[in-house]
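Notes for the one structure printed next.
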Amino acid sequence: MADVLREEQGLTLTDDPEQADVVLINTCSVREKPQEKLFSELGRYKALKRKRPGMKIGVGGCVASQEGAAIGARAPYVDVIFGPQTLHRLPKLLGQSGSGGGPVVDLAFPAEEKFASLPAPRAASPVANLSVMEGCSKFCSFCVVPYTRGEEISRPVADVLSEAIQLERQGVREINLLGQNVNGYRGAAPSGGLEDLAGLIRYVSKLEGIGRIRFTTSHPMEFDGRLIEAYAHTEKLPSYLHLPVQSGSDTVLQRMKRGYTAAEYRSKIERLRRARPGISVASDFIVGFPGETEAEFSQTLALVEDIGFDQSFSFMYSARPGTPAGDMDDPVPQPVKLERLQRLQALINSQAGRLSRNMVHSSQRVLVERRARRGKGLIAGRTGNNRWVNFDGPVSLIGQFVDVAITEALPNSLRGRLLPESLAA
Ligand code: SAM
Ligand code: SF4
């Protein structure tokens, strides 16, 4: 959004809302809390706008997509309401607003048009996100994404590659291929037909300057043999996979309409570990899905132990209006859900802590990303398994891969020592 407004209207970013001509709130509707936060945020900007009536307020993202004009009814001082697929039209929408007829609303789904009209990417760090597909056609029973983001649409390989090359030229060394279900990628191949994610990774891995390729977020159903093979052959794929499982119970998975069983998930991870021994596996979990019993929940804990999941995301189930699960009976009391969430998080944290401690004395390939946030003179980068390491070294190393000996495991990061041999390589 900042790129579009800079390119077309010469606007620059400010952190100070008092200075802003345009205030944009980007929203997420996956869970209820962020949705409620929108209206408390809007209240703050309402007061600012009273002082400076020329200021424009826009609401974008999936809450905008879901609530549409209803946002304007509750907050009539909002000027523009736009969805995830129409952010490229922001300059035009802002221009149309302010005529007194309420907010301008544009929530269409023209995904290809958006990508074609976004300005060239500007790299802000050696690590960049690159959207390769959007939307979701899976319709898990708890999830609002298919309704707010529309059908899965993939960008052609040539477009993705041209963006990757532009990023590489600006010094990007690690690319994170993004999509709601990125392994559902089926983009037009340069030679005709369709390419899947494994094929796309093969193309991107040919770029010499790109040393590491990640992808987020995957669905277990489409985590197939070709991707597992890619781990055997593609060094640029780090030893880390984020593969959301949601639950370890087959009955819950069925009610969630996830399309796989816990045994199928386990077997995919076993195959992956044969292709790439020692790989870290992270996941997403939902606790307290409607009707979840203690026995069902304990199967999730068992899966967490069996797989040895690394740092992961876990959420308490949040009913989303308009989804099938939103209408299910839910006899599980809130305090029980909270207690389960705490037990799950304690288990995952203890496993992740153990994995971090096991890394002490090992040597890790790290892409230096920035000065460390804490610790004078330190620089920081991430290991293949997605852990921040802080270590002593010159800022001239930012943007380079180096080898670091891990000296200490802290709760949220590692400390290390630069191995000078790696600088000669
Ligand atoms: N597409 C990915 C997949 O299939 O797992 C995940 C994308 S989803 C937007 C991100 C995460 O949000 C999910 O993995 C899930 O754990 C969480 N999530 C989605 N809907 C939720 C809900 N209604 N309540 C709580 N967590 C939810
Ligand atoms: Fe939501 Fe992921 Fe399921 Fe799609 S696959 S509906 S994004 S949880």
Q. Do you see a donor-acceptor pair shorter than 3.5 Å between the side chains of Thr14 and Asp16?
A.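 On atom types as modelled, these side chains do not qualify, holding no pair under 3.5 Å.
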Q. Strictly by modelled atom types, are Asn176 and Thr216 linked by a side-chain donor-acceptor pair under 3.5 Å?
A. yes
Q: Apply the ring pair (Phe, Tyr, Trp, His ring centres under 6.0 Å) test between Phe285 and each candidate in Phe297, Phe309, Tyr317; give the one that qualifies.
A: Phe309
Side chain [X], main chain [Y], donor-acceptor under 3.5 Å:
{"X": "Ser280", "Y": "Tyr240", "result": "no"}
{"X": "Ser141", "Y": "Pro324", "result": "no"}
{"X": "Asp159", "Y": "Leu161", "result": "no"}
{"X": "Ser283", "Y": "Val245", "result": "yes"}
{"X": "Glu195", "Y": "Val157", "result": "no"}
{"X": "Glu134", "Y": "Gly150", "result": "no"}
{"X": "Gln85", "Y": "Ala108", "result": "no"}
{"X": "Ser249", "Y": "Val252", "result": "yes"}
{"X": "Ser239", "Y": "Ile279", "result": "no"}
{"X": "Asn183", "Y": "His219", "result": "yes"}

For [Y], is the NZ or CZ atom of [X] found under 6.0 angstrom from the centre of its six-membered ring and inside 45 degrees of the ring axis?
{"X": "Arg365", "Y": "Phe401", "value": "no"}
{"X": "Arg415", "Y": "Phe391", "value": "no"}
{"X": "Arg370", "Y": "Trp388", "value": "yes"}
{"X": "Arg320", "Y": "Phe142", "value": "no"}

Does some side-chain heavy atom of [Y] sit less than 4.5 Å from a side-chain heavy atom of [X]?
{"X": "Val160", "Y": "Leu130", "value": "yes"}
{"X": "Asn390", "Y": "Leu414", "value": "no"}
{"X": "Arg173", "Y": "Glu168", "value": "yes"}
{"X": "Lys33", "Y": "Ser318", "value": "no"}
{"X": "Arg371", "Y": "Val395", "value": "yes"}
{"X": "Arg387", "Y": "Gln364", "value": "no"}
{"X": "Leu207", "Y": "Ile165", "value": "yes"}
{"X": "Leu178", "Y": "Val132", "value": "no"}

Set of salt bridge (Lys or Arg N to Asp or Glu O under 4.0 Å) partners for [X], sequence neighbours left out:
{"X": "Arg374", "answer": "none"}
{"X": "Arg255", "answer": "Glu296"}
{"X": "Arg266", "answer": "Asp306"}

[atom1]/[X] to [atom2]/[Y] distance, rounded to the nearest 0.5 angstrom?
{"X": "Leu42", "Y": "Ile71", "atom1": "CG", "atom2": "CD1", "answer": "7.5 Å"}
{"X": "Lys268", "Y": "Met221", "atom1": "NZ", "atom2": "CE", "answer": "8.5 Å"}
{"X": "Ser154", "Y": "Leu200", "atom1": "OG", "atom2": "CG", "answer": "9.0 Å"}

Q.
Please list all pairs meeting side chain to side chain donor-acceptor pair (under 3.5 Å) that have one or both residues in residues 220-235, counting only residues at least two apart or in different chains.
A.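 Applying side chain to side chain donor-acceptor pair (under 3.5 Å) to every pair that reaches into residues 220-235, excluding sequence neighbours, yields Lys138-Glu222, Asp196-Arg226, Glu229-His233.
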Q) What do the steps show when you test Glu369 against Ser125 for side-chain hydrogen bond (donor to acceptor under 3.5 Å, both in side chains), and what is the final call? A) CA-CA 7 Å; Glu369 286 184 44; Ser125 116; 4.5 Å; no
Q: Show your working on ring-ring contact (aromatic ring centres under 6.0 Å, His included) between His88 and Phe115 and close with a plain yes or no.
A: CA-CA 8 Å; His88 59 293; Phe115 285 120; 9.2 Å; no
Using atom types as modelled, flag every donor-acceptor pair under 3.5 Å from a side chain in residues 48-69 to any protein atom, sequence neighbours excluded.
{"residue": "Lys49", "atom": "NZ", "partner": "Met55", "partner atom": "O", "Å": "3.3"}
{"residue": "Lys49", "atom": "NZ", "partner": "Tyr77", "partner atom": "O", "Å": "3.1"}
{"residue": "Lys49", "atom": "NZ", "partner": "Asp79", "partner atom": "OD1", "Å": "3.1"}
{"residue": "Lys49", "atom": "NZ", "partner": "Asp79", "partner atom": "OD2", "Å": "2.5"}
{"residue": "Arg52", "atom": "NH1", "partner": "Glu18", "partner atom": "O", "Å": "2.6"}
{"residue": "Arg52", "atom": "NH1", "partner": "Ala20", "partner atom": "O", "Å": "3.2"}
{"residue": "Arg52", "atom": "NH2", "partner": "Ala20", "partner atom": "O", "Å": "3.0"}
{"residue": "Lys56", "atom": "NZ", "partner": "Leu94", "partner atom": "O", "Å": "2.9"}
{"residue": "Lys56", "atom": "NZ", "partner": "Ser97", "partner atom": "O", "Å": "3.4"}
{"residue": "Lys56", "atom": "NZ", "partner": "Ser97", "partner atom": "OG", "Å": "3.0"}
{"residue": "Ser65", "atom": "OG", "partner": "Thr148", "partner atom": "O", "Å": "2.9"}
{"residue": "Glu67", "atom": "OE2", "partner": "Gln35", "partner atom": "NE2", "Å": "3.0"}

Assess whether a salt bridge exists between [X] and [Y], defined as any Lys/Arg side-chain N lying under 4.0 Å from an Asp/Glu carboxylate O.
{"X": "Asp330", "Y": "Lys337", "value": "yes"}
{"X": "Asp310", "Y": "Arg354", "value": "no"}
{"X": "Glu41", "Y": "Lys37", "value": "no"}

Q: Could you walk me through whether Tyr265 and Phe223 pass the ring-ring contact (aromatic ring centres under 6.0 Å, His included) test, one step at a time?
A: CA-CA 9 Å; Tyr265 186 95; Phe223 191 74; 8.7 Å; no
(Q) The test is side-chain hydrogen bond (donor to acceptor under 3.5 Å, both in side chains); show your working for Asp284 and His242 and say whether it passes. (A) CA-CA 8 Å; Asp284 288 359; His242 179 229; 2.8 Å; yes
**Q.** Non-neighbouring partners of Ser205 that pass side-chain hydrogen bond (donor to acceptor under 3.5 Å, both in side chains), sequence neighbours left out
**A.**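 Expected list: none.
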Q) Looking at Tyr185 versus Phe215, is the centre-to-centre ring distance below 6.0 Å? A) no
